[in-house]
Amino acid sequence: MAKYITKKSKNISELADERQRNLYKKMPSGHFLNNQENMHHVLLWNTFFRRNLHRFAKDFLGINLHIYQSIILYMMSISQLCVIIACRAAAKSLVISIYAVCVCILRPYSEVVISSATRGQSALLVKDKIQKFLMNNYPMVYSEIESIKTSQDEVIIMFKSKSQIKVVTASENGRGNRSTVLIREEFRQINKYVDDSILSPFQVIRQAPYVTSGNYANIPDAIDEPVDIYISSSWLDNGHWMWSLVDQAYKESFSSDKSMLLAFDESIVLKHGIKSLSQLRKEKKKQDPLTWRIEFLNERVKENTSAYFTYSMLQQNQRLKKPFYPRDNTDVRVGKKNKFDIPKQKGEIRVVCCDMAFVENKKNDNSIFSCGRLIPEYTRYKRDTDDEDKQINNGYRILLPYMESVQGGDTLKQALRIRQLYEDFDADYIVLDLRNAGISIFDMLANIMYDDERDIEYTPLTCMNDENIANRIRFEGAEERIFVINASQKLNSDIAINFRHYLVDKKIDLLIPFQEAQEEILSQIPEYIEAPSADDQIFYESPFLETQALISETTELTYEKKEQTGVIVVREQGNNRKDRYTSVSYLCYFANKLAQDLSTINDDYRYGVFVN
């Protein structure tokens with residue numbers, strides 16, 4: 001480009017209009033731009049850099065880029081619709097941050113809005129990528145920024161060019177903003193209605209002074225059309241609106257130079273040394289197969305619409321942000337309070353639900369302990385003849401803040417773990433599957449047990465819904481706190497149907513996805529941030545990973561409806577598991593049974609013993 005300018009300098013004026021050719025005359029005498037050739041060189045370089053943002057980032061700002069990052073920046077510099085689907089750790093947020101900075105410098109009066117489903121998510125682009133990384137490592141970026149504000153109420157960067165980058169949450173509260181470049185970060189999490197009715201109306205033509213002047217106001221080529229950027233990791237193809245947009249960008253990329261679709265899988269991460277192969281192998285061990293395919297392989301996985309439990313059913317219930325963590329044995333010994341304890345709500349009942357396994361090292365058979373919070377829900381009303389409020393029992397909403405998976409084996413060890421969780425969770429009941437050797441676990445719970453890890457002697461508990469089981473072992477004063485399940489084909493069918501109702505009716509709150517948890521929840525836990533190794537972080541990640549595994553495991557189940565009886569039979573495929581499904585579906589079944597004992601009048605409900 002430099003050679004081109006030098007050789008053709010005599011003809012540069014032929015590329016400019018009258019106003020541009022004489023612009024140098026308006027500069028002060030002695031100024032660098034008072035020279036006609038210098039002025040035209042600046043105009044040409046500015047045009048070149050606007051059309052080649054990757055060259056501006058590398059040559060002017062001094063930012064080192066991988067080849068795929070250069071491709072992204074170049075494509076964004078020439079497109080008005082950019083859709084990018086990239087795997088986790090592909091540094092897509094950094095590329096977007098560089099793009100936003102380049103646009104604000106090269107195109108004065110630009111208004112770049114970064115939006116996501118949560119304020120914290122989009123604010124990370126400004127705080128971590130621009131403020132902490134780009135400004136601290138690249139002096140030219142720092143020199144172009146006039147001010148930066150990152151308060152809880154407002155996140156905004158002002159440039160010396162009169163451009164700005166602003167963070168706006170994708171919600172009703174975002175109304176009234178405007179943008180020339182609109183970046184939807186992790187757009188799969190944004191509601192389609194919000195994007196159409198709130199975010200898209202932000203877009204306006206860049207209001208640089210020359211656009212509104214008489215010289216260029218009516219020249220179409222002089223107008224900067226607004227740019228729409230959608231960036232996300234992949235997601236299940238279950239009718240989500242993101243895939244319609246992906247298909248649109250794909251088709252338009254063949255017929256127009258104004259739209260583009262780019263996608264990257266984990267090979268990009270390996271190729272450029274962002275992650276090592278050993279890191280990815282460790283990550284894969286933490287992920288369930290479906291999440292691995294979506295998040296890392298960046299696949300467009302079709303949902304099995306004939307499945308009894310679809311991914312959509314479970315995903316729509318992922319809204320719980322408060323995990324529970326049990327106590328460390330050492331903390332129990334010294335009487336240290338659990339900082340992750342969750343106070344009980346009025347009328348709340350807590351349950352530890354257990355699906356037992358007894359074959360050690362069998363890959364597809366684990367013991368699962370699910371900790372559920374049962375919150376009573378009511379509808380209030382008034383009778384015409386009575387001024388007093390009445391209420392109708394709507395059953396329980398189930399919150400699932402913790403799940404634990406252990407390989408089957410030692411029955412005493414499992415019985416002790418159940419009792420530890422029962423105490424830590426401040427539970428009211430234990431739901432116990434009696435299949436296989438489950439009766440052995442009951443016998444241990446019904447006896448006095450000594451926990452040498454915690455130096456505690458546990459009082460015996462007994463069965464509440466089966467007199468024959470309760471009579472196996474009798475201790476004076478033993479509380480009826482164990483609900484046993486002797487599964488049959490008919491009962492399993494009822495349990496599956498009941499669980500499906502809970503999912504469809506959105507009556508169970510599952511923990512939010514792991515990636516969201518890393519950004520919103522885990523990042524706020526000092527012990528997690530300061531953990532010396534990834535292995536030490538697993539304790540805090542496990543409730544979210546177990547929820548992730550529950551969803552993947554449940555959606556992989558097949559079912560058959562018996563013609564004569566109408567019974568639903570749910571089965572796992574191959575070496576897949578259904579332990580987590582069993583544990584949580586038993587929890588929902590117990591909650592439904594318990595709900596039948598709730599009174600429909602005001603707060604006069606009670607715990608009751610019932611027999612099935």
Side-chain angles (χ1 to χ4, degrees), residues 324-338 340-342 344 348-360 366-374 402-487 583 586-587 590 593-594 606-612:
F324 169 78
Y325 295 102
R327 293 181 294 176
D328 178 83
N329 290 334
T330 304
D331 290 344
V332 176
R333 278 180 169 268
V334 299
K336 186 177 179 180
K337 186 178 179 181
N338 184 5
F340 300 106
D341 184 42
I342 303 174
K344 278 187 174 179
E348 176 181 345
I349 296 174
R350 296 192 178 179
V351 184
V352 177
C353 193
C354 315
D355 177 62
M356 310 307 302
F358 301 98
V359 181
E360 195 167 8
N366 280 356
S367 289
I368 305 295
F369 308 132
S370 302
C371 295
R373 303 176 61 197
L374 279 54
Y402 185 76
M403 292 182 71
E404 186 171 297
S405 172
V406 297
Q407 281 198 337
D410 190 323
T411 53
L412 177 58
K413 189 174 182 180
Q414 294 190 66
L416 284 171
R417 187 54 183 158
I418 292 171
R419 196 57 197 265
Q420 288 175 351
L421 290 173
Y422 180 81
E423 300 296 331
D424 291 351
F425 194 52
D426 191 19
D428 301 289
Y429 299 106
I430 296 170
V431 176
L432 186 63
D433 181 10
L434 291 187
R435 288 177 306 165
N436 303 318
I439 193 66
S440 299
I441 298 291
F442 170 80
D443 289 346
M444 293 176 186
L445 294 172
N447 272 289
I448 296 172
M449 285 195 303
Y450 175 68
D451 186 346
D452 57 358
E453 291 182 335
R454 295 189 171 189
D455 189 26
I456 292 176
E457 183 175 87
Y458 299 119
T459 58
L461 304 174
T462 191
C463 182
M464 61 187 288
N465 66 313
D466 190 316
E467 191 173 347
N468 291 330
I469 298 296
N471 286 334
R472 287 173 61 87
I473 300 172
R474 285 291 188 182
F475 275 91
E476 186 68 29
E479 293 185 313
E480 296 179 345
R481 296 294 180 181
I482 303 176
F483 181 83
V484 297
I485 293 181
N486 276 303
S583 177
Y586 283 3
L587 173 63
F590 176 76
K593 284 288 186 180
L594 201 61
R606 57 183 174 84
Y607 298 159
V609 178
F610 49 86
V611 179
N612 65 342

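In what follows, residues are counted from 1 in the order of the sequence shown. Being a predicted model, the structure only gives us computed values, none of them experimental. Excluded from the calculations below are hydrogen atoms, water molecules and symmetry mates; all remaining heavy atoms, backbone and side chain alike, are included.
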**Request:** Can you sort out the partners of Asp424 under side chain to side chain contact (heavy atoms under 4.5 Å, CB included), two or more places apart, ordered by chain and number?
**Result:**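 Result, side chain to side chain contact (heavy atoms under 4.5 Å, CB included) vs Asp424: Phe324, Pro326, Arg327, Arg454.
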**Request:** Could you list the residues that satisfy side chain to side chain contact (heavy atoms under 4.5 Å, CB included) with Ala427, not counting sequence neighbours?
**Result:**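 Result, side chain to side chain contact (heavy atoms under 4.5 Å, CB included) vs Ala427: Arg350, Val352, Tyr422, Phe425.
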Would you check if the side chain of [X] reaches a backbone N or O of [Y] as a donor-acceptor pair within less than 3.5 Å?
X	Y	value
Arg419	Thr459	yes
Arg333	Asp328	no
Asn447	Pro460	no

Out of curiosity, [X] [atom1] to [Y] [atom2], how far, rounded to the nearest 0.5 Å?
X	Y	atom1	atom2	value
Met444	Leu461	CE	CG	14.5 Å
Leu434	Ile439	CG	CD1	5.0 Å
Ile482	Ile441	CD1	CD1	10.5 Å
Leu421	Cys353	CG	SG	12.0 Å
Arg472	Asp466	CZ	CG	10.5 Å

So [Y] and [X], do their side chains get closer than 4.5 Å, heavy atoms only?
X	Y	value
Arg481	Ile430	no
Val406	Lys413	no
Val332	Asp455	no
Phe369	Asp355	no
Lys344	Asp428	yes

**Request:** Tell me yes or no: between the side chains of Gln420 and Arg417, is some donor less than 3.5 Å from an acceptor?
**Result:**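 Checked: Gln420/Arg417 side chains pair up, N/O donor to acceptor below 3.5 Å.
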**Message:** What I want to check is whether the side chains of Tyr325 and Asp341 have a donor and an acceptor closer together than 3.5 Å.
**Reply:**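 The criterion, which ignores hydrogens and geometry beyond distance, is not satisfied for Asp341 and Tyr325.
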**Message:** Using every non-hydrogen atom in the two residues, find where Phe483 and Ile485 come nearest and quote the distance to one decimal.
**Reply:**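 Shortest heavy-atom separation between Phe483 and Ile485 comes out as CE2-CG1, 3.7 Å.
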**Item:** Set of ring-ring contact (aromatic ring centres under 6.0 Å, His included) partners for Tyr458, sequence neighbours left out
**Value:**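 For Tyr458, no residue satisfies ring-ring contact (aromatic ring centres under 6.0 Å, His included) once neighbours in sequence are set aside.
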